[in-house]
Amino acid sequence: MNSGIDLQGTFVQSLSDFGISTELAKILWMPFPMLLMLIGATVGVLVNVWLERKISAAVQQRIGPEFAGPLGVLQPVADGLKLVFKEDILPAKADPFLFTMGPILVVMPVFLSYLIVPFGQNLVITNINTGIFLWIALSSIVPIGLLMAGYASNNKYSLIGGLRAAAQSISYEIPLALSVLAIVLMSNSLSTIDIVEQQSGYGILSWNVWRQPIGFVIFWISALAECERLPFDLPEAEEELVAGYQTEYSGMKFALFYVGSYVNLVLSALMVAILYLGGWSSPIPIELLSNLAGVDPASSWLQVVGASLGIAMTILKAYFLVFLAILTRWTVPRVRIDQLLNLGWKFLLPIALANLLITAALKLAFPTAFGG
Amino acid sequence: MQIAEGVQLVTFAILSILLVGAALGVVLFANIVYSAFLLGGVFISMAGIYILLNADFVSAAQILVYVGAVNVLILFAIMLVNKREDFKPLKNGWIRQGSTAVVCAGLFALLSAVSIVTPWSISTVSPLASSVVPIAKHFFTDFLLPFELASILLLMSMVGAIILARRDFLPDNLGATSTQDSLTLPERPRELVGK
């Protein structure tokens with residue numbers, strides 16, 4: 001197995017050659033991928049906001065933002081700057097400490113989850129054995145932040161919005177986790193790297209979406225519900241709740257919620273790409289192409305091309321899914337809260353359980369096709 | 001190895017301080033909502049200590065189950081039944097608090113004496129790369145009975161919760177509106193399903 005580019009190894013090696021101890025070199029390496037991921041996630045949000053505004057405009061036959069920069073690409077930056085300079089209002093009789101902690105608790109787990117998103121064989125912050133499980137565990141912290149924000153605002157709309165958000169994320173976490181479990185069953189590992197590797201054999205034909213079509217649909221619906229995207233944006237239903245738990249927030253604290261929701265959307269799209277659409281592997285395997293062209297697979301320029309192609313593939317797949325989510329948002333009406341909970345508990349949960357059972361049975365029956 | 005050990009020591013100190021401080025806050029805060037939120041902090045610091053002990057799966061499960069489910073459930077219960085009422089200060093309340101403090105201090109002294117006196121056998125086996133497979137093997141061999149019993153217990157509590165929430169078995173005298181206190185929901189009791 002060719003391991004691809006190992007940037008960390010090269011960095012540590014070159015620093016050790018300067019006479020710095022290996023441990024110190026490893027510590028010096030640590031901030032780079034983290035900073036890169038933070039910047040990447042933030043830029044992802046800006047792209048996302050721009051896409052949302054442009055696509056919604058196209059859906060409604062408008063033009064959308066067009067004056068700030070070419071095609072309006074600077075509009076999200078302007079929005080962000082506006083939010084930074086807005087006054088930070090603390091409502092009367094609100095709990096100042098919890099009011100500040102709420103948005104922080106919502107944003108932090110989402111950014112932490114980027115630890116396990118792989119963009120290539122070695123292009124991941126940490127390859128831990130519990131990768132995908134860690135993501136599920138971290139996303140279960142978010143409802144506490146939502147409840148905190150709803151409670152601390154001293155506003156009944158906020159409280160109801162917070163309670164709804166928590167109820168929604170708890171009930172959709174179960175089908176989400178069950179469909180992830182079916183994937184884990186097939187790839188024999190919780191590590192995101194192994195999950196992608198297991199799908200990389202035959203290009204597009206070996207992607208998990210063909211073996212787990214039901215799981216794919218369940219995962220995507222639950223992920224949309226976890227992100228509170230429109231068919232499921234009950235916590236901030238404008239007609240009923242003003243803006244849900246965000247009602248009293250302004251300025252930077254509101255921006256944290258805003259950034260958190262978009263980062264979460266990109267993260268969910270990345271997760272779908274990793275779990276079901278082959279992650280960084282391209283539809284036609286790059287090894288096949290290099291063999292056809294007669295290029296040595298170990299040559300360095302091919303490695304660089306392969307790594308860039310991997311990053312591009314992951315982002316391309318994720319943004320295709322983001323496009324689908326945006327299109328859904330501007331096409332489909334909102335469901336009611338009872339419909340939402342019925343869909344989660346009475347429809348998705350039994351189907352996810354059946355999907356898990358069927359996957360286990362198929363794995364026992366056809367171990368070659370279902371990763372024995 | 002010095003840097004790694006130093007980092008471990010500092011992390012352990014920070015986590016322990018967080019854990020003890022948050023646990024004290026849970027007990028000592030008068031506001032029950034603060035206590036509930038701090039309980040989440042206690043669970044998260046415990047998950048951090050599990051990571052230090054090379055039990056990554058256990059720590060993720062700790063966050064998922066205790067923070068994501070148990071603590072959210074507690075918060076739900078508090079926020080849906082939060083009656084704003086001023087409690088009258090108890091006469092001689094300090095006796096209760098004092099005796100509680102004495103009992104707690106005694107327990108703490110006992111436990112720390114035990115943990116200092118006991119000659120712990122520290123395992124020298126190098127930590128496993130992945131703890132998931134050994135845990136699963138134990139679950140399905142020598143710990144199979146407790147594992148299945150726990151699932152039956154959960155099923156029983158789930159059935160109980162559904163029966164309570166549906167309120168199928170209403171006592172006959174509940175129809176009288178005079179006995180309504182502030183804890184009953186201000187809605188008409190539903191018709192029995194079977195009739």
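Bear in mind the structure is a predicted one, so any value in this text is a computation, not a measurement. Numbers restart at 1 for each chain; the letters A, B, ... are given by sequence-line order, proteins then strands.
- Counting heavy atoms of neighbouring residues, nucleotides and ligands inside a 6.0 Å radius, atom OH of B/Tyr66 does not exceed 12 of them.
- Heavy atoms closer than 4.5 Å to chain A are found in both the backbone and the side chain of B/Val67.
- For a residue to count as touching a neighbouring chain, one of its non-hydrogen atoms must lie under 4.5 Å from one of that chain's; by this rule A/Ala177 does not touch chain B.
- For the residue pair A/Ala167 and B/Phe76, the shortest heavy atom distance occurs at N-CZ, 3.7 Å.
- Heavy-atom distances place both the backbone and the side chain of A/Leu163 under 4.5 Å from chain B.
- Proximity to chain B is limited to the side chain of A/Leu159, based on heavy atoms less than 4.5 angstrom apart.
- If you take CG on A/Leu134 and CD1 on B/Ile63, they are separated by 7.0 Å, rounding to the nearest 0.5 Å.
- Residues A/Ile141 and B/Ile44 form a side-chain contact, since some pair of their non-hydrogen atoms from C-beta on lies under 4.5 Å apart.
- When all heavy atoms are compared, the tightest approach of A/Phe133 to B/Ala61 is CE2-N, 3.5 Å.
- For the atom pair CG (B/Asp56) and CG (A/Leu190), the distance works out to 9.5 Å, reported to the nearest 0.5 Å.
- Partner of A/Tyr151 under the side-chain contact (heavy atoms from CB on, under 4.5 Å) criterion, out of B/Val33, B/Leu75, B/Ile78: B/Val33 alone.
- Considering every non-hydrogen atom in both B/Ala60 and A/Ala137, the closest pair reads O-CB, 3.4 Å.
- Nearest approach of A/Ile144 to B/Phe37, heavy atoms of both residues: O-CE2, 3.8 Å.
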